[in-house]
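Model, not experiment: these values are computed from the prediction. Sequence positions, counted from 1, serve as the residue numbers for this chain.
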Amino acid sequence: MKDYGKYGDDALVRFAARGDNMAMKAIYDRYVESLAAVCARYISGEDDRKDVLQESFVRIFTSIGRFRTRGEGSLKAWMVRIVVNESLRFLKKNTSYNFLDYDSDIPDVADEPEVEGIPDSVINDLILSLPPGYRMVFNLYVFGNKSHKEIAEILDIGESSSASQLSRAKALLAKRVKEYKATHKND
């Protein structure tokens with residue numbers, strides 16, 4: 001029996017493309033945590049996250065034969081792109097979001113939230129608490145490294161709407177970070 005853990009991504013992809021279930025399991029085991037974290041940035045409900053992640057892996061393994069490596073990290077980047085696309089597809093289908101609806105108490109321009117000293121899990125929860133439209137733009141810009149032009153195309157909104165949503169997301173996050181720090185300053 002092969003020890004699939006010792007194989008690199010290129011070999012695992014070749015095996016998986018031929019239908020080798022153990023190679024698929026090795027790919028799954030190697031990347032499930034990081035892909036689940038990507039999914040969690042977009043999808044707030046645990047059951048929904050599991051469904052989206054499962055659908056992402058189905059899509060990954062049904063199209064892995066068409067994947068072409070472009071060097072170190074390209075498999076993970078390709079899978080992350082699939083998870084992001086599946087997450088956005090889910091949100092567009094199942095979430096009511098309005099990119100122009102916002103809290104008037106939030107300024108249009110905000111400083112970067114000061115997150116030093118706040119646990120990653122709390123930061124993630126704060127991001128997940130953003131309204132869906134804000135959260136999608138924030139994640140695509142900050143974690144997906146997308147430009148406002150790219151975000152506008154992906155979400156079918158104007159570039160100015162993307163920029164405005166990002167600014168408001170940052171402002172709301174900054175406000176919630178300050179509130180968190182104020183209530184947890186003695187922790």
Side-chain angles (χ1 to χ4, degrees), residues 1-95 97 112-113 115-130 132-147 150-151 153-155 166 169-170 173 177:
M1 186 160 139
K2 294 179 186 173
D3 177 10
Y4 286 89
K6 70 179 182 179
Y7 287 101
D9 287 350
D10 292 347
L12 288 175
V13 166
R14 283 193 307 276
F15 294 143
R18 292 185 217 136
D20 186 324
N21 289 331
M22 294 303 291
M24 289 180 205
K25 182 177 180 342
I27 291 170
Y28 176 89
D29 289 344
R30 187 172 289 172
Y31 292 107
V32 68
E33 275 188 39
S34 59
L35 296 178
V38 169
C39 191
R41 287 197 303 258
Y42 291 88
I43 311 294
S44 57
E46 185 177 344
D47 289 339
D48 292 336
R49 280 194 304 262
K50 287 178 182 177
D51 290 346
V52 170
L53 190 60
Q54 179 179 347
E55 186 59 37
S56 298
F57 272 106
V58 167
R59 189 169 299 271
I60 287 165
F61 291 127
T62 57
S63 58
I64 202 161
R66 293 187 301 272
F67 170 75
R68 297 295 172 253
T69 188
R70 292 184 175 92
E72 186 73 28
S74 63
L75 176 62
K76 183 178 180 181
W78 176 71
M79 292 190 303
V80 164
R81 194 168 49 252
I82 289 172
V83 171
V84 168
N85 289 340
E86 286 300 317
S87 297
L88 293 173
R89 185 175 291 119
F90 173 85
L91 288 170
K92 287 178 181 178
K93 180 180 171 190
N94 297 297
T95 304
Y97 56 88
E112 293 289 322
V115 297
E116 187 176 322
I118 298 178
D120 289 345
S121 61
V122 171
I123 294 168
N124 193 54
D125 289 346
L126 292 174
I127 292 169
L128 283 174
S129 74
L130 292 171
Y134 289 9
R135 187 172 63 238
M136 284 190 281
V137 171
F138 181 85
N139 282 316
L140 287 168
Y141 188 86
V142 173
F143 298 109
N145 297 314
K146 301 290 184 195
S147 69
E150 292 168 313
I151 294 169
E153 290 172 7
I154 291 168
L155 299 178
L166 176 63
K170 286 180 177 181
L173 271 177
V177 163

To the nearest 0.5 Å, what is the distance between [atom1] on [X] and [atom2] on [Y]?
X	Y	atom1	atom2	answer
M136	L166	CE	CG	13.5 Å
F67	M79	CZ	CE	8.0 Å
I127	F138	CD1	CZ	4.5 Å
N145	E150	CG	CD	9.5 Å
I151	L140	CD1	CG	5.0 Å
L130	S44	CG	OG	11.0 Å

- Query: Are D9 and R30 ion-paired here, with the side-chain N under 4.0 Å from a carboxylate O?
  - Reply: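 Here D9 pairs with R30 in a salt bridge, since their nearest N and O are under 4.0 Å apart.
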- Task: Indicate yes or no: does D29 engage K25 in a salt bridge with an N to O separation below 4.0 Å.
- Result: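 Answer for the salt bridge query: yes.
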Restricting to non-hydrogen atoms, name the atom on [X] and the atom on [Y] that form the minimum distance, rounded to 0.1 Å.
X	Y	answer
K76	S34	CE-OG, 3.6 Å
G65	R68	O-NH1, 3.0 Å
C39	V52	SG-CG1, 3.7 Å

- Item | Close side-chain approach of I118 and V177, heavy atoms under 4.5 Å |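 I118 reaches V177 side chain to side chain.
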- Does CD in E153 sit with more than 12 non-hydrogen atoms of other residues, nucleotides or ligands closer than 6.0 Å?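 For E153, atom CD is crowded (more than 12 foreign heavy atoms under 6.0 Å).
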- Message: Surrounding OH of Y31 (heavy atoms of other residues, nucleotides or ligands, distance under 6.0 Å), is the total greater than 12?
- Response: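 More than 12 within 6.0 Å, yes.
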- Sole residue of F61, Y7, Y4 in side chain to side chain contact (heavy atoms under 4.5 Å, CB included) with I27: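 Looking at F61, Y7, Y4, the match for I27 under the side chain to side chain contact (heavy atoms under 4.5 Å, CB included) is F61.
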Look only at the side chain of [X] and the backbone of [Y], and say whether a donor-acceptor pair between them is shorter than 3.5 Å.
X	Y	result
S63	R66	no
N85	R81	yes
R49	A40	no

- Task: Go through V32 and L53 one step at a time and tell me if the side chain to side chain contact (heavy atoms under 4.5 Å, CB included) criterion holds.
- Result: CA-CA 9 Å; V32 68; L53 190 60; 4.0 Å; yes
- Check the pair R41 / V84 against side chain to side chain contact (heavy atoms under 4.5 Å, CB included), numbers first and verdict last. CA-CA 9 Å; R41 287 197 303 258; V84 168; 5.5 Å; no
- Message: Run the side chain to side chain contact (heavy atoms under 4.5 Å, CB included) test on L88 and L155 for me, step by step, so that the C-alpha distance in whole Å, both residues' side-chain angles and the decisive distance to 0.1 Å come before the verdict.
- Response: CA-CA 8 Å; L88 293 173; L155 299 178; 4.3 Å; yes
- Message: Working note: V13 + T69, criterion side chain to side chain contact (heavy atoms under 4.5 Å, CB included); need CA distance, chi angles, decisive distance, verdict.
- Response: CA-CA 9 Å; V13 166; T69 188; over 6 Å; no
- Message: Run the side-chain hydrogen bond (donor to acceptor under 3.5 Å, both in side chains) test against S129 and tell me which residues pass, sequence neighbours left out.
- Response: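 So S129 forms a side-chain hydrogen bond (donor to acceptor under 3.5 Å, both in side chains) with R176.
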